[in-house]
Amino acid sequence: MQSNTFSGLFDGQNVITLQRTPSTNEFLRKVLTKSTPLAEGTVIMAVDQYAGRGQKGAVWQSEPGKNLTFSLLLLPSFLDPKDQFSLTAAMSLAVAKWLSAMLKVPAKIKWPNDIYIGNKKIGGILIENILKGKTWKSAIVGIGINVNQTTFPDTIRDHATSIKQILHRDSKIPELLAELCSYIEREYIVLKSGDFKALLADYKQRLYRLGELHVFLVDDVEVTGMLTGVTETGRLQIDFNGHMVDFDIKEIAFVI
Ligand SMILES: O=C(O)CCCC[C@@H]1SC[C@@H]2NC(=O)N[C@@H]21
């Protein structure tokens, strides 16, 4: 495990804790659009996030006070927008590595950036990029981790897990935030170094269902193929009987 103190970019000085807010991503976006200058590494954390947002317009449900729900501000102006996926890879890797080290079980990345333990989702990431033309203004990295919640709504009960369900004890949320931020910092340094190949290779190694036959939904039709990796731009590569096809997030979904 890494030390549980903040370091460098995430020094713990810029953590704003909100008791109740619809969505930390939304809150951060609003602050940024009001042109309030915020330092890179600013974290908005919510105790009760009651209308959390997920990918593809989904909702992110979280019991008040039980989970880690936060958004952090990155200013990746060094990154060409065509390399956006490497930011997704870096953030997913940070969460997966942190959870694997803490829980002592492998945490996998379900493409593009859900975090799974076994066949259950423990966390999710929603990155909202704010670009100005071809340059970055900022990236809002929203992360939700199920921590002390042990019961889940019917719709997700069979496919959700939490840190408590694995460790059988409560965890202190601010301490988890500090630990996770140190993992984020480490991957962000790799991203800044421009070593996208290393990030991609690391990401691929941790892909959920890599090398396995799986059922996917493509154009409302269930198809079976083998997940073989991702392209440099983050498209999911599937082998259908020797015929390789790649997809973006709008074109394919996993069938559980
Ligand atoms: O699994 C997903 O689809 C992504 C979930 C992302 C949830 C986090 S919680 C903090 C931040 N604020 C939001 O409204 N969403 C993200």
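Note that ligands are numbered from 1 as they come in the structure, with each ligand's atoms numbered from 1 the same way.
Only one option out of T69, N67, D48 pairs with S62 in a side-chain hydrogen bond (donor to acceptor under 3.5 Å, both in side chains); it is N67.
A heavy-atom distance below 4.5 Å is not found between the side chains of F216 and E222. Using a 4.5 Å heavy-atom cutoff, the side chains of I122 and I166 are in contact.
Each of S23, T24, N25, Q49, G52, R53, G54, Q55, W60, T69, F70, S71, D114, K121, G124, I125, L126, G142, I143, G144 has a non-hydrogen atom positioned under 4.0 Å from some atom of ligand 1.
Under the 4.0 Å criterion applied to side-chain N and carboxylate O atoms, E232 and K82 are not assigned as salt-bridge partners. Salt bridge annotation for K97-D202: present, with a cationic side-chain nitrogen under 4.0 angstrom from a carboxylate oxygen.
Taking the centre and axis of the six-membered ring of F254, the NZ or CZ atom of R209 falls outside the cone set by 45° and 6.0 Å.
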